[in-house]
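Presented below is the structure to which this report refers.
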Amino acid sequence: MVNITINGKTAQAKEGEMLLSVIRRLKIDVPALCHHEAVEPLGACRLCMVEITKTEWDGWSKFVTSCLYPVEPDLIVSTHSDQVNEIRRTIMDLYLARHPNSPEIRKLAEEYGVLKTSYEVQVDGDNCILCGICTRICDAMGFHAISLVGRGHGKTVAPPLNEAPPDCTGCLSCALNCPTNFIEFSDQDDKRTIWNKEFEMLACVKCGATTITREFAEHLSKNRDIPFEYFETCDSCHRKETSLTMGRIAAWTKEAQS
Amino acid sequence: MQIKEVEHIKKLRNKYLASQKKFPRKVMVCCGTGCLANGAGKIVDAFTDALDKREIKHFAVEAIKETGCHGFCEQGPLVIIEPSGTFYTKVKTKDVDKIIEQSIERNEVIESLLFAEPKSGEKIEKYGDVDFFKHQHRLALRNLGKISADSIIEYISVGGYKAFAKAVTTMKPDEIIDEIVASGLRGRGGGGFPAGRKWRTCREAAADTKYVVCNGDEGDPGAFMDRSIMEGDPHAVLEGMMIAAFAVGADQGYIYVRDEYPLATTHLQKAIEDCQESGLLGENILGKDFSFSIKIARGAGAFVCGESSALMRSIAGEIGEPRAKYVRSVIKGLYDQPTVLNNVETYVNVPLIIDKGSSWFKGIGTEKSSGTKVFSLVGKVRNTGLIEVGMGTTLREIIFDIGDGIIDNRPFKAVQTGGPSGGCLPAEHLDLPVDFDTLTEVGSMMGSGGMIVMDDKTCMVDVAQYFLGFLVEESCGKCVPCREGLFQLHKLITRICEGKGEEGDLEKMEHLSQTVLTASLCGLGTSGPNPLLSTIKYFREEYEAHIRDKKCPAGVCKSLIKYEINDKCTGCMACIPACGYDAITGEKKKIHILDQDKCTKCGACYAVCKFEAIDVS
Amino acid sequence: MKNRFIVNPVLCTGCRTCELACSFAHSVDGQMGRSRIYPLDGGMTDLWVPVTCLQCEEAACVKSCLVNALRRNPDTGAIELNEDICVKCMACIAACPFGCALHDTQHDLIIKCDLCGGDPACAKFCPTKALEYKPFETKKKKLAG
Ligand SMILES: Cc1cc2nc3c(=O)[nH]c(=O)nc-3n(C[C@H](O)[C@H](O)[C@H](O)COP(=O)(O)O)c2cc1C
Ligand code: SF4
Ligand code: SF4
Ligand code: SF4
Ligand code: SF4
Ligand code: FES
């Protein structure tokens with residue numbers, strides 16, 4: 001256990017734990033747009049920046065991104081110092097110039113008092129903030145179907161060659177975890193489309209309800225050693241089946257005991 | 001040729017030196033990339049052809065050396081006759097016979113091939129007497145131009161691998177590190193971090209595998225010091241890395257070479273193979289319990305790949321983008337193992353320090369920046385090229401003594417140091433002794449040693465705009481302050497150049513710069529605003545002229561200037577065909593007329609007018 | 001000996017108290033959450049079975065989760081879901097052969113029984129003891145027939 005001070009209060013942290021996770025545990029609100037617990041931190045949005053110092057640093061302090069700064073004993077952290085707030089405000093201001101139409105960005109910027117950007121608005125700016133959450137999740141799941149391509153201001157998220165990605169299983173994780181809901185998909189009862197790829201939804205053999213795509217189910221069955229039949233019945237029918245089986249056993253036991 | 005013990009190196013050296021005694025005169029043909037582009041290859045061929053045709057007494061192919069770059073590429077191809085040091089510039093193939101007849105056979109000097117100092121016009125006979133070379137102190141560039149670039153035996157003949165042998169056979173790793181620490185050697189790749197401290201941390205890190213990596217990515221536009229060293233003295237790079245590897249306990253090394261450097265790659269590759277063949281690389285080197293090998297990794301082509309974490313990812317086969325982390329790469333670097341990363345120039349200083357001792361090295365340069373630094377001196381100076389001077393040499397000495405002053409005797413305006421993210425310094429800092437700390441104090445940096453000299457015809461707003469544009473292009477785009485911040489700074493400054501600047505723009509740019517400087521992920525962003533901030537600091541009036549008066553005082557920013565024909569016009573008609581846009585009309589001996597609507601402000605008329613009849617305002 | 005669920009359908013009246021208790025125990029922002037347990041009659045009208053996760057040894061949900069959001073709590077033995085890690089791919093829901101991983105559509109959360117950290121509310125409130133959470137004793141009674 002490591003003892004640190006956050007905004008004047010002492011806190012305990014696990015060795016090697018990142019500052020952000022301690023901050024979150026204390027329910028202190030620090031924005032962190034490129035952060036997702038399922039994947040390694042990237043340090044791209046810079047919003048989670050905090051000011052750190054130590055008594056022996058003689059008044060000297062530095063700014064670090066809390067999502068990937070491991071705790072150190074006796075660290076003194078300010079999550080909302082004037083300078084930190086100013087950095088966040090400027091970043092929000094920059095985001096707002098680039099993504100003027102994103103409700104998520106507008107709301108967050110507003111929280112920091114930025115209602116209108118001071119910079120040149122990119123009229124055709126889309127809502128992808130290039131946080132890399134989608135690509136990192138897709139990588140973490142082992143699909144590597146999409147990636148951040150290009151560099152600098154022209155960077156984008158895209159499948160290889162901008163074509164329907166062969167490795168995509170249509171799991172939807174990228175889209176569902178995008179902080180600005182940028183990734184488009186359509187989800188109908190029998191089919192799902194994402195990244196211009198169409199998927200068949202696997203229907204329950206009993207009731208026809210669908211949960212995941214056939215491709216995703218096949219992938220899981222093959223790579224994670226799960227019988228494919230499991231996926232062929234939906235959760236609701238599975239529960240009914242369970243109750244029936246258990247009911248039968250109970251009835252049989254009751255009969256046997258009497 | 002097997003080198004199994006220290007004695008073998010000495011023997012080889014003596015034998016080779018004796019064999020060279022046959023040749024009282026040698027021809028050193030510069031075969032650096034610059035001279036090769038100017039036809040140095042053909043000069044070498046011409047010398048060899050001449051030998052095919054007839055026998056020349058005391059002269060043979062072995063006496064023609066294809067050397068590394070002298071740094072004076074602009075005057076190439078360069079040929080030096082040793083031992084006299086006779087220095088010929090801009091040599092053509094047709095000069096070769098003359099050189100053989102007069103300089104080699106008769107030891108005469110050919111006046112017409114000598115270099116004339118641009119300022120005085122005086123012809124200089126010997127290499128060492130030329131202003132450009134006279135004021136230099138060449139340590140890192142010690143062998144460039146002195147030996148055949150890719151020959152291991154030539155390197156050994158000038159004392160090569162002596163330091164490595166000394167280190168491996170007579171010193172303990174800790175003693176080597178002590179020496180490097182005591183020498184005060186700081187990283188030459190930009191940051192100026194003490195090399196010895198890096199090595200010590202790496203040595204003390206507990207791990208089975210450690211790496212030694214050489215940064216030869218050199219992405220700064222216009223810089224070519226590392227290229228010249230890798231091409232012209234590849235063994236010095238290897239020797240430095242070998243000493244580092246022995247000191248920190250690494251058994252694998254990588255040299256990350258910029259992709260645009262094929263000659264450097266070829267020469268390094270040959271050097272590595274020669275070392276493997278002779279046993280200087282491989283297992284149980286010099287009979288000791290030390291094994292080390294080196295591989296070349298080709299750069300991925302982006303400026304940001306030179307940044308340490310991006311470089312290591314690139315070597316490991318990942319995308320060459322910086323990775324955010326607060327664990328230093330000496331602890332967890334390449335393949336997550338402790339890694340020493342140093343620049344090419346840093347490594348080539350190492351054998352000298354081991355050979356001559358740390359106090360010798362410490363005696364050169366300034367207290368906190370010992371040794372020398374190679375600069376690539378370009379821009380509006382008479383002599384341009386690669387130069388090496390002791391730390392603490394003033395900007396004035398570099399620009400006016402070595403560079404021979406400003407072209408056309410125009411006034412000096414500024415010098416940009418430190419590469420694309422360095423700063424611009426005005427005349428008031430000409431007497432600044434150049435070292436890592438003094439440059440940082442005044443708002444610039446050493447960087448890898450770029451030095452661009454500017455005269456009064458240079459617009460500082462335009463310069464800052466250019467560098468910001470470069471950085472916007474090169475930003476990897478991962479983090480917001482750099483990706484969006486530099487982009488907006490570039491937008492703002494471009495507007496100023498176009499005459500659309502507004503009151504408050506300077507303050508806005510200064511404010512945004514602060515966030516980019518503190519909040520960016522890697523060095524590209526955290527130094528990116530430097531060119532902007534330093535020019536605002538020293539040339540604020542020039543920005544204000546652009547914003548307030550919509551004028552570009554230097555006459556550079558096209559939107560803010562106008563070309564006009566005044567009454568000095570003699571009606572010579574020279575400007576009419578010069579203008580590619582038919583904007584000038586007129587008759588002979590009558591004042592010409594310039595149509596502002598057609599004028600694209602290319603300045604072609606201004607350049608051809610001999611009568612100062614065209615004004616820029 | 002570790003506690004485990006003892007389910008006795010014979011005693012279950014289908015009163016759904018367990019469901020209510022579970023919802024309360026897993027409230028989200030002060031609102032009731034979706035229950036992790038369901039008393040179902042499975043088509044045999046005279047027998048109700050409270051269906052909930054059995055914390056399988058070799059659990060299909062754990063295998064199906066590609067981001068490791070489902071992990072066993074060594075103290076309680078429960079397979080717990082880390083909401084912050086979960087990317088909502090629904091693999092676990094599709095994989096569980098008992099239908100015990102669920103989607104709380106109202107709060108858009110993937111949920112499953114976590115044994116309430118070791119003191120399951122459902123069992124505590126079951127009025128008929130159809131559901132108990134206690135050490136499992138193997139009674140070696142001979143079965144007639
Ligand atoms: C954007 C960027 C580009 C860089 N490019 C180079 C380069 O081309 N060559 C180099 O030696 N160092 C470069 N560096 C510095 C390296 O990150 C690193 O500090 C250096 O190689 C360490 O060696 P040294 O201590 O010997 O200087 C760059 C740094 C940044 C931030
Ligand atoms: S839907 Fe496709 S691209 Fe998105 S995370 Fe799943 S596999 Fe990757
Ligand atoms: S699409 Fe969404 S998750 Fe992916 S990088 Fe863009 S903003 Fe982030
Ligand atoms: S500072 Fe620039 S180059 Fe460096 S990581 Fe950020 S975006 Fe990439
Ligand atoms: S829905 Fe969540 S818990 Fe279930 S498999 Fe997907 S990531 Fe894992
Ligand atoms: S959450 Fe830490 S940089 Fe984005």
Side-chain angles (χ1 to χ4, degrees), chain A residues 21 24 35-39 133-134 137-138 140-143 169-177 202 204 210-213 216-217 219-221 223-227 229-258, chain C residues 7-12 14 36-54 58-69 82-103 108 110 112 130 139 141-145:
Chain A
S21 96
R24 293 243 159 128
H35 183 77
H36 195 290
E37 288 289 336
V39 291
I133 287 181
C134 53
I137 287 181
C138 189
M141 297 183 83
F143 299 131
T169 58
C171 74
L172 228 54
S173 304
C174 52
L176 295 179
N177 294 281
L202 186 59
C204 172
T210 56
T211 312
I212 60 174
T213 65
F216 190 26
H219 173 92
L220 291 167
S221 168
N223 295 286
R224 309 291 283 201
D225 187 28
I226 305 169
E229 309 90 86
Y230 285 14
F231 296 101
E232 290 179 310
T233 307
C234 74
D235 64 315
S236 173
C237 294
H238 264 145
R239 280 194 298 279
K240 280 192 199 120
E241 239 176 33
T242 310
S243 75
L244 190 64
T245 320
M246 284 176 71
R248 278 209 190 103
I249 296 170
W252 177 70
T253 321
K254 195 174 146 194
E255 211 168 275
Q257 278 170 346
S258 59
Chain C
V7 184
N8 193 346
V10 179
L11 299 179
C12 180
R36 280 86 172 141
I37 187 164
Y38 288 93
L40 296 170
D41 69 2
M44 298 171 64
T45 36
D46 59 331
L47 270 185
W48 289 84
V49 180
V51 176
T52 190
C53 171
L54 302 171
E58 208 193 300
C61 62
V62 174
K63 283 205 233 166
S64 74
C65 181
L66 299 176
V67 293
N68 274 329
N82 184 328
E83 281 169 17
D84 294 331
I85 297 179
C86 171
V87 297
K88 302 186 187 143
C89 67
M90 314 269 170
C92 50
I93 299 178
C96 175
F98 306 106
C100 290
L102 312 145
H103 187 204
D108 191 22
I110 309 300
K112 73 170 288 301
K139 289 183 196 144
K141 253 195 195 163
K142 256 214 173 143
L143 297 178

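In what follows, every chain begins at residue 1, and chains take the letters A, B, ... in the order their sequences are listed.
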d(C:K88 NZ, A:C171 SG) to nearest 0.5 Å is 13.5 Å

Between the SG atom in A:C138 and the CG atom in C:L66, the distance rounded to the nearest 0.5 Å is 10.5 Å

Check each atom of [X] against the heavy atoms of chain C and say whether the ones under 4.5 Å are side chain, backbone, both or neither.
X: A:L172; result: neither
X: A:D225; result: both
X: A:R248; result: both
X: A:F216; result: side chain

query = Do C:V87 and A:M141 have side-chain heavy atoms sitting under 4.5 Å apart?
reply = yes

Within 6.0 Å of OH in A:Y230, more than 12 heavy atoms from elsewhere = no

Ranked by heavy-atom pairs below 4.5 Å to chain A, first place among C:A95, C:C100, C:P97 goes to C:P97

One option among C:D108, C:L40, C:N8 has the most heavy-atom pairs under 4.5 Å with chain A, and it is C:L40

The interface call for C:F98 against chain A, heavy-atom contacts under 4.5 Å, is both

Would C:V49 and A:T242 count as a side-chain contact (heavy atoms from CB on, under 4.5 Å) if you check the C-alpha gap in whole Å, the side-chain angles of each, and the deciding distance to 0.1 Å? CA-CA 9 Å; C:V49 180; A:T242 310; over 6 Å; no

With chain C, the option among A:G142, A:S236, A:C234, A:A250 that has the most non-hydrogen atom pairs under 4.5 Å is A:A250

Given A:H36, A:E232, A:E229, the one with more heavy-atom pairs under 4.5 angstrom with chain C than any other is A:H36

Heavy-atom closest pair (C:A91 atom, A:L220 atom, distance to 0.1 Å) is CB-CD1, 3.5 Å

